Every structure is written in C-alpha cells, then in structure tokens.
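Comments concern the structure below.
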Amino acid sequence: MLMSMQAQLTQRQSMVFTPQLQQAIKLLLLNNFELSKYAETVAEENPFLEVEPPKAIRSLPLTEARNSDSSEFDSVAAIADSSGNTFRASVFKQVEDLILTPKGRAIGYALASHLETTGRLETPLEEIAGNLQVPLFEVEEVLQRLQQAEPAGLFARNLAECLKLQLSCEGIERARLFILIDNLNLIQSGSFVELRRKLQCDKEQLALALRQLRCLDPKPGLQLSNSDAEPIREPDLRTFKNDAGEWCVELNNATLPSIRVDEELGRRVRKLTSEDADKEFVRNALGTARWLSRAIAQRNETNIKVAAEIVRYQKSFLENGMQHMRPLKLKLIADQVGVHESTISRVTSSMMMQTPQGCFPLKVFFSTAIESDTSEEGASARMIREKIREMVHGEKPQCPLSDDVIATHLHGQGLRIARRTVAKYRRLDSIPSSSQRRRGYKLSAAM
C-alpha cells in the first residue's frame with residue numbers, strides 16, 4: 001500500500017460578523033426612539049461624533065422611493081432581538097399577547113394607537129370601525145379582550161369604566177362599588193344620604209366603599225411611564241396624500257437623531273498628537289463616527305423605501321379599509337427594493353407607521369394569499385378570515401353554517417379554499433364549530 005501527501009486548494013464562502021456588520025444589524029432593528037438613544041450613547045464615548053437636534057427629512061413620493069440606493073444592508077443576514085421600553089411598545093406587546101388573529105391584532109393596533117397616556121380610549125369606536133371599514137361588533141370584541149391588559153383599567157372609554165375594570169371583589173361588595181362608581185356626581189356634591197339609600201348600606205359600609213374607591217387609579221396608563229420610557233412613542237413613519245393626491249411616505253422627524261462628524265476637531269487633534277497610540281485612537285474614532293453617520297443615513301433610506309413599497313402595494317387598504325388588504329409576502333417587497341428578504345423582516349419587526357386607518361407595525365401589512373378566480377395575485381388570507389367571520393355572524397341560530405357550507409359559499413365568490421383551510425382559519429379566530437355554536441344558541445335562547 002502506497003501512501004502520499006497532497007495539497008489541495010478549495011474555495012468556501014462564509015460570512016464574518018465584523019463589529020460594523022453587527023452594528024448594521026442592530027440599526028435595522030431599532031425604531032426611531034431607540035436609534036436616538038443608541039446614537040447618544042455612542043456619542044458619549046466618541047469625541048468626534050455629535051448628535052444634533054433632528055433636522056427635516058423630506059417626504060418621499062412613491063415614484064422616487066424606488067430609485068435611491070440601499071445596497072449597504074443587503075448583506076445583513078443575522079437576526080437580533082430589540083424591544084422598546086416605551087408606553088406604546090408596552091401596550092402593543094400586550095395587544096400581541098392578548099389577540100391571536102392577524103385581523104384582530106390589526107384592530108387592536110388601531111385601538112392602541114388612539115390610547116391616551118392616561119390609558120384612556122377617548123376616540124369613539126364607531127370612528128375607528130369606520131376608518132378600518134370593519135363591523136362595529138368586531139372592534140367591540142377586540143376592545144373587550146384588550147381591557148384585560150395590565151395595569152387594570154387600560155382601554156377604558158371613560159372614568160367609570162376605568163374604575164370598574166379595576167375591581168377584583170365579588171358579590172354585594174362589587175355591586176355596591178358599581179353603584180358608587182355610577183354615581184360619582186353624588187360623591188362630588190357630598191350627597192351621602194342619597195348614596196346610602198342607593199347602596200342600601202349604613203354609614204360604616206359607605207365609608208368602607210369610599211375607601212376602596214380611593215384605592216383605584218383613574219389614570220392607570222401613567223404606571224407604564226418611568227424614567228426609562230417616554231409617555232408615548234410616536235410612529236416612526238407617516239403616510240399621507242399630498243395636495244396632488246399622491247401617496248407620500250416620510251420619516252417622523254421629531255424622533256430622528258441628526259449625526260455630525262467633527263472633522264475639524266479631528267484635524268486639530270492629529271496635529272497636536274505625537275504618540276502612535278493616540279494617533280491610532282483618533283483614526284479609529286473618526287472612522288467609526290463616519291461609518292455610523294453613513295449607516296444611519298442608509299438605515300433611514302432603507303426604512304422609507306420599504307415603507308413606500310408597502311404603501312404602494314396596500315393603497316386599497318389605506319383608502320378603503322381592512323377588506324381591501326392585499327396578500328403580501330416579504331420577498332415581493334425585497335425584490336422591489338433590491339435587498340435581501342431578511343432585511344425586510346428586520347425593518348418590519350420594529351417600525352410603526354401612522355396611516356389614515358390608524359397606527360400599525362409594518363408587519364401588519366403582510367399576509368399569505370389564497371387562490372382566486374377573480375385575481376391573479378390571489379386573495380389575502382386576512383380578507384378570507386373576515387369573510388368567514390361575517391358569515392358566522394350573520395348565520396341563522398337554528399341553522400349554523402358548517403365548514404363545508406362556508407367553503408362552498410367562498411367557492412361561489414371565486415375563492416379556491418378547502419374545507420380544512422376554513423376549519424383552520426375558524427380555529428385561529430376562536431370560532432366554535434357549527435355543532436358547538438348550535439348548542440350555544442340553544443343555551444342562550446333557554447336563558
């Protein structure tokens with residue numbers, strides 16, 4: 001047996017996660033508020049980097065958004081985690097925890113976007129339902145779930161509802177507090193005799209009820225505000241129609257940092273420095289400052305381009321409401337913008353956009369497609385779910401619609417959907433089966 005040694009050359013591609021690449025990943029995952037905090041932290045350690053008050057960033061008409069270069073982030077291929085500690089971020093996180101269906105979450109995001117810093121929802125539900133073009137009862141159902149959020153009292157529409165949501169007692173004690181809350185005007189006017197008559201209690205019991213009432217928080221939303229959080233995080237992006245009737249997208253200037261590299265200071269320091277180590281520090285610090293300035297500008301440009309493509313694609317939703325949401329995948333936006341699909345995923349994970357329909361995370365605008373005879377691109381899965389919910393809501397109690405019947409009705413509308421898909425969507429929306437609904441209807445009628 002002969003043995004020999006040979007040298008072979010092979011080529012292999014791999015990605016090295018340099019510090020700058022890791023920074024680029026982080027920048028894509030930061031919303032505007034987090035980006036401002038991050039830039040301020042970096043500037044504290046870099047004498048050549050200055051974070052200035054926000055400067056105006058122009059609105060970008062959709063016809064221009066496609067043309068600018070955004071290739072710098074195309075190589076970013078790692079995922080990182082980042083979450084804001086703001087009032088709005090906390091509320092939106094609870095929307096995601098409490099609402100499981102995509103359509104329900106979209107309604108929940110709209111409700112959360114109207115929430116005051118006190119935790120109160122003062123915008124009429126009819127107005128929100130009208131903006132979203134969804135039935136009022138669906139908005140009411142989502143609101144009922146969101147009123148389970150912490151701290152108790154969030155998403156109340158008035159003071160009385162806010163206080164009632166905080167009650168944990170039961171029985172006659174709870175009933176008396178409900179009556180007391182419904183008669184706050186009597187407390188204000190000092191009509192305690194009338195209060196005792198309404199509560200059917202003596203002085204000691206009324207005093208106890210009043211003490212319990214004083215323990216409740218009329219502004220529970222303020223509990224989510226602390227030294228590390230702003231009262232409300234404004235949206236990162238806005239979309240609106242200009243005077244010419246064109247849709248425009250702009251970054252929210254009020255929350256964006258402006259970065260400046262002090263090149264003059266760098267030149268002066270280099271002239272005064274003789275030590276090699278000091279020169280190396282100046283060179284590295286200036287290089288880092290220049291790169292960060294370019295990277296933030298590129299990050300802003302990438303975000304606005306992604307948002308502009310989403311708006312271009314979802315115009316019908318923005319103009320006409322939830323039923324007109326089109327199916328959309330990350331890859332389609334990635335191809336239009338000219339970046340990797342993972343880049344779109346990162347941008348949409350944290351950015352929020354103010355629209356005429358409400359304030360939404362960008363990820364709300366993405367959903368899968370169902371084959372349709374009337375459209376080559378198919379129908380949005382969210383739109384299919386809404387149709388199923390509407391069918392169930394309008395069914396006759398004595399004859400609930402089975403999954404087969406719902407699928408047949410959808411086929412009649414040109415939507416190619418299997419019975420098992422109807423069943424899956426029904427379960428995702430927490431809709432009982434037809435037999436369970438029939439029993440529920442009979443029980444309600446008996447009661």
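Computed from a predicted structure; not experimentally measured. For reference, positions follow the sequence shown, starting with 1.
- A donor-acceptor pair is defined here as one N or O able to donate and one able to accept, closer than 3.5 Å; such a pair exists between the side chain of Q436 and the backbone of S433.
- Residue pairs that meet the side chain to side chain donor-acceptor pair (under 3.5 Å) test with at least one member in residues 206-218, sequence neighbours left out, are E173-Q212, D217-Q223.
- Residues passing the side chain to side chain donor-acceptor pair (under 3.5 Å) test with N320, sequence neighbours excluded: none.
- The shortest distance between side-chain heavy atoms of I344 and V339 falls below 4.5 Å.
- Annotation: side chain to side chain contact (heavy atoms under 4.5 Å, CB included) contacts of D202 (sequence neighbours excluded): E204, Q205.
- Scanning for side chain to side chain contact (heavy atoms under 4.5 Å, CB included) contacts around S168 gives an empty result, with sequence neighbours left out.
- Neither side chain, D97 nor Q94, offers a donor N or O lying under 3.5 Å from an acceptor on the other.
- Of the possible polar contacts, none joining the E341 side chain to the L330 backbone as a donor-acceptor pair under 3.5 Å is found.
- By the ring-ring contact (aromatic ring centres under 6.0 Å, His included) test, Y38 is found to be paired with no residue, residues two or more places apart in sequence or in another chain being considered.
- Contact annotation: the side chain of D182 never approaches that of K198 to less than 4.5 Å [non-hydrogen atoms, C-beta and beyond].
- Annotation: side chain of F240 is not in contact with side chain of P356 (no heavy-atom distance under 4.5 Å).
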Exercise. What do the steps show when you test R197 against E194 for salt bridge (Lys or Arg N to Asp or Glu O under 4.0 Å), and what is the final call?
Worked result: CA-CA 5 Å; R197 187 187 65 80; E194 179 67 12; 2.5 Å; yes
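- Residue pairs meeting the ring-ring contact (aromatic ring centres under 6.0 Å, His included) criterion with at least one member in residues 138-191: none, sequence neighbours excluded.
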For this session: Apply side-chain contact (heavy atoms from CB on, under 4.5 Å) to the pair F365 and I333, showing each step before the final yes or no.
Result: CA-CA 11 Å; F365 297 96; I333 299 298; over 6 Å; no
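- Formation of a donor-acceptor pair under 3.5 Å by the T41 side chain with backbone atoms of K37 is found in this model.
- Between the NE2 atom of H411 and the CD1 atom of I417 there is a distance of 7.0 Å, given to the nearest 0.5 Å.
- Among residues at least two apart or in separate chains, ring-ring contact (aromatic ring centres under 6.0 Å, His included) pairs with a member in residues 115-137 are F137-H393.
- Of the possible donor and acceptor atoms, none in the side chain of S36 sits under 3.5 Å from a partner among the backbone N and O of L256.
- In this structure, the side chain of E309 does not engage the main chain of K305 through any donor-acceptor pair within 3.5 Å.
- Contact annotation: the side chain of Q298 approaches that of T302 to within less than 4.5 Å [non-hydrogen atoms, C-beta and beyond].
- Nearest heavy-atom pair across P220 and P151 is O-CG, 3.2 Å.
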For this session: May I have the step-by-step check of side-chain contact (heavy atoms from CB on, under 4.5 Å) for Q354 and N252, ending in yes or no?
Result: CA-CA 10 Å; Q354 181 70 48; N252 185 354; over 6 Å; no
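- In this structure the side chain of L410 reaches within 4.5 angstrom of the side chain of M391, judged on heavy atoms.
- The main-chain N or O of L206 is never found under 3.5 Å from a side-chain atom of R176 such that the two would form a donor-acceptor pair.
- The CG atom of D236 lies 5.0 Å from the CG atom of N31; values are rounded to the nearest 0.5 Å.
- The minimum heavy-atom distance between P218 and R120, with the atom names listed, is O-NH2, 3.2 Å.
- Evaluation of the ring-ring contact (aromatic ring centres under 6.0 Å, His included) rule for Y109 yields F92 as partners, not counting sequence neighbours.
- Smallest separation of non-hydrogen atoms from A209 and L199: CB-CD2, 4.4 Å.
- In this structure, H114 NE2 and E122 CD are separated by 12.0 Å, a value rounded to the nearest 0.5 Å.
- Within the model, atoms CD1 of I304 and CE of M351 stand 9.5 Å from one another, a figure rounded to the nearest 0.5 Å.
- Identified under the side chain to side chain donor-acceptor pair (under 3.5 Å) test for residues 148-162, with sequence neighbours left out: Q147-E161, R157-E161.
- Closest approach of P257 and V51 over heavy atoms only: CB-CG1, 3.9 Å.
- Side-chain atoms of S342 and R346 form a donor-acceptor pair, as typed in the model, at a separation below 3.5 Å.
- Sorted by first and then second residue, the side chain to side chain donor-acceptor pair (under 3.5 Å) pairs involving residues 396-406 (not counting sequence neighbours) are D403-R426.
- For the pair A106 and F360, the tightest heavy-atom approach, listed with the atom from each and the gap, is O-CE2, 3.1 Å.
- In this view, L213 and L163, L180, I181, L184, I187, L216 satisfy the side chain to side chain contact (heavy atoms under 4.5 Å, CB included) rule, not counting sequence neighbours.
- Here T408 pairs with nothing under the side chain to side chain contact (heavy atoms under 4.5 Å, CB included) rule; sequence neighbours left out.
- Between the side chain of R105 and the backbone N or O of I99 there is at least one donor-acceptor pair closer than 3.5 Å.
- Side-chain atoms of W247 and E319, non-hydrogen and from C-beta on, do get closer than 4.5 Å to each other.
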Problem set entry | Check against side-chain contact (heavy atoms from CB on, under 4.5 Å), I107 and L143 | CA-CA 9 Å; I107 296 174; L143 177 63; over 6 Å; no
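- Residues Q314 and T355 fail the side-chain proximity criterion, which asks for heavy atoms closer than 4.5 Å.
- Across all their heavy atoms, N300 and L251 have their closest contact at CB-CD1, 3.5 Å.
- When atom types are taken as modelled, the side chain of R174 and the backbone of L167 share a donor-acceptor pair closer than 3.5 angstrom.
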